[in-house]
2 protein chains.
Amino acid sequence: MVLDRHGLDGMSMRQVAAELGVTVSALYAHVSSKDDLLELMYTRLFDDFEMPEADPERWQEQLLEFARAGRQRLLSHRDMARISMAHVPFTAELLPHVEGLLAIFRTAGLPDRIAAEAGDLISTYIDGFVLEEGMWQDRAAQQGGDGSSLARPDWREMADDMQNYFASLPEADFPHLRALSGLMVTDSSDERFDIGLQIILRGLASYLPDREDRATSDG
Amino acid sequence: MVLDRHGLDGMSMRQVAAELGVTVSALYAHVSSKDDLLELMYTRLFDDFEMPEADPERWQEQLLEFARAGRQRLLSHRDMARISMAHVPFTAELLPHVEGLLAIFRTAGLPDRIAAEAGDLISTYIDGFVLEEGMWQDRAAQQGGDGSSLARPDWREMADDMQNYFASLPEADFPHLRALSGLMVTDSSDERFDIGLQIILRGLASYLPDREDRATSDG
DNA sequence: ACCTGAACACCGTTCAAGT
DNA sequence: ACCTGAACACCGTTCAAGT
């Protein structure tokens with residue numbers, strides 16, 4: 001199959017067929033449904049995804065890298081976050097990744113109960129975040145117009161507008177929003193992703209049995 | 001507008017129109033697009049959503065209750081999690097809820113930087129979780145068949161199958177999955193939701209400046 | 001084994017026309 | 001002010017028929 005370079009948005013079966021120079025119905029000889037096709041693409045997407053050797057001294061960095069890399073893959077093709085969400089990752093191709101995640105959690109010292117749920121939480125976070133940012137992009141592009149007349153949305157300008165809006169709210173009703181107006185819309189997607197993940201990782205760390213700054217006592 | 005009782009799945013404009021005893025095109029006199037309609041429903045959905053008075057002694061319980069209540073609302077109508085995700089909650093109707101969340105974070109003592117991102121994280125979690133569980137339900141229902149011949153999916157049986165599958169994996173390649181096979185698929189959605197949220201809340205708590213068990217010193 | 005053409009049962013949206 | 005009817009430009013999927 002040669003349909004890995006897409007970038008399409010709505011990605012309809014008809015468009016895929018057209019791109020392959022073939023009728024729509026021909027696709028159904030190779031694939032039982034659109035969902036099936038997306039599933040194939042999804043599996044391919046993580047084909048060469050390498051899981052690190054679990055290192056208990058670096059478990060947080062390893063998870064951060066894992067999550068960032070996962071987000072990047074999902075961002076590289078449209079709709080991948082949605083199909084990722086629809087999947088329980090218990091297929092033959094994806095199980096090694098689940099195992100790799102569990103290895104990181106358990107060798108780090110997390111209790112089994114938490115280790116069993118942590119992968120789920122991180123996956124939900126990655127999928128949810130990517131899906132959300134995709135939707136926001138779509139909405140912004142949609143509002144910005146078809147590239148014809150109006151100037152394109154201008155990200156920084158929007159942020160400024162928001163900031164001014166928050167600062168202009170009545171003090172009596174919105175003291176906290178006013179106080180944080182300078183912090184609410186300033187970060188890039190990358191920063192927001194990392195901060196959210198950091199909070200999750202610190203939550204996981206809180207379950208570690210011994211939380212002292214153990215000097216690297218080799219023995 | 002009288003279209004708040006739906007439960008519809010695909011919820012097409014045509015179905016809405018039929019339910020109201022009207023042609024499709026008539027809808028466009030009241031609503032500029034399907035997205036607009038969903039937006040109206042979404043706003044209505046949180047009309048009477050009460051935010052608690054921020055209590056620094058109970059901030060974690062308050063957030064847990066907030067998240068549970070939010071999830072319940074989103075579950076009550078199809079597609080609401082998706083439209084929720086597409087929205088930055090900075091509309092006149094939703095701003096009071098954002099303010100209420102910020103109040104909880106800040107009176108609890110979280111640093112402003114974290115408070116500004118925490119609401120985002122929790123919202124992404126709620127939306128992502130609900131969207132995911134909806135998709136899993138859809139898939140299960142789809143596979144289970146149209147209620148005709150085969151016995152319906154039977155939740156517990158599926159969990160047992162999964163557990164057996166994990167336990168049967170080769171020890172050399174999947175030691176951690178094998179070790180956790182009894183914990184990977186046992187929890188209900190409600191439990192998984194709470195555990196994930198608990199991890200996030202403990203992550204937030206890790207940013208509190210003084211983390212001692214302060215006796216309730218009044219004064 | 002792989003494809004085509006035509007059809008079926010849907011979508012969201014628009015627009016002239018009616019009362 | 002509110003609705004209808006018909007159309008436009010799409011969907012995913014199926015199925016008999018071709019080579």
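Residue numbering restarts at 1 for every chain, and letters A, B, ... go by the order of the sequence lines.
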Please list every donor-acceptor pair under 3.5 Å in which a side-chain atom of residues 161-169 of chain B meets a protein atom from a residue at least two apart or in another chain.
from: B:Asn164; atom 1: ND2; to: B:Asp160; atom 2: O; distance (Å): 3.3
from: B:Ser168; atom 1: OG; to: B:Tyr165; atom 2: O; distance (Å): 2.7

Do B:Ser25 and D:dG5 share a donor-acceptor pair, side chain to base, under 3.5 Å? yes
Report yes or no: do B:Thr124 and A:Tyr125 form a side-chain donor-acceptor pair below 3.5 Å? no
When all nucleic acid strands are considered with a 4.0 Å heavy-atom cut-off, which category describes A:Val24: base, sugar-phosphate, or nothing? base
Looking only at the side chain of B:Met13 (C-beta and beyond, no hydrogens), which of the listed nucleotides D:dT14, C:dG12, D:dC2 gets closest? C:dG12
Dot-bracket notation for DNA chain D, counting Watson-Crick and G-U pairs under 3.5 Å, with | for partners on another strand: .|.|||||...|||||.||
CG of B:Asp36 versus C1' of C:dG12: gap in Å, rounded? 14 Å
Charged N to carboxylate O below 4.0 Å: is that the case for A:Glu133 and A:Arg192? no
5'-most contact on DNA chain D (nearest-nucleotide basis), A:Ser33 vs B:Gly21, goes to B:Gly21
Could you verify whether a donor N or O on one side chain and an acceptor N or O on the other, from B:Glu93 and B:Thr43, lie under 3.5 Å apart? no
If you measure from the C1' atom in C:dC8 to the same atom in D:dC10, how many Å do you get, rounded? 15 Å
Report yes or no: is the cationic atom of A:Arg71 (NZ for Lys, CZ for Arg) under 6.0 Å from the centre of the six-membered ring of A:Phe129, at an angle within 45° of the ring normal? no
Do the side-chain N or O atoms of A:Gln15 get closer than 4.0 angstrom to the phosphate oxygens (OP1, OP2) of D:dC10? no
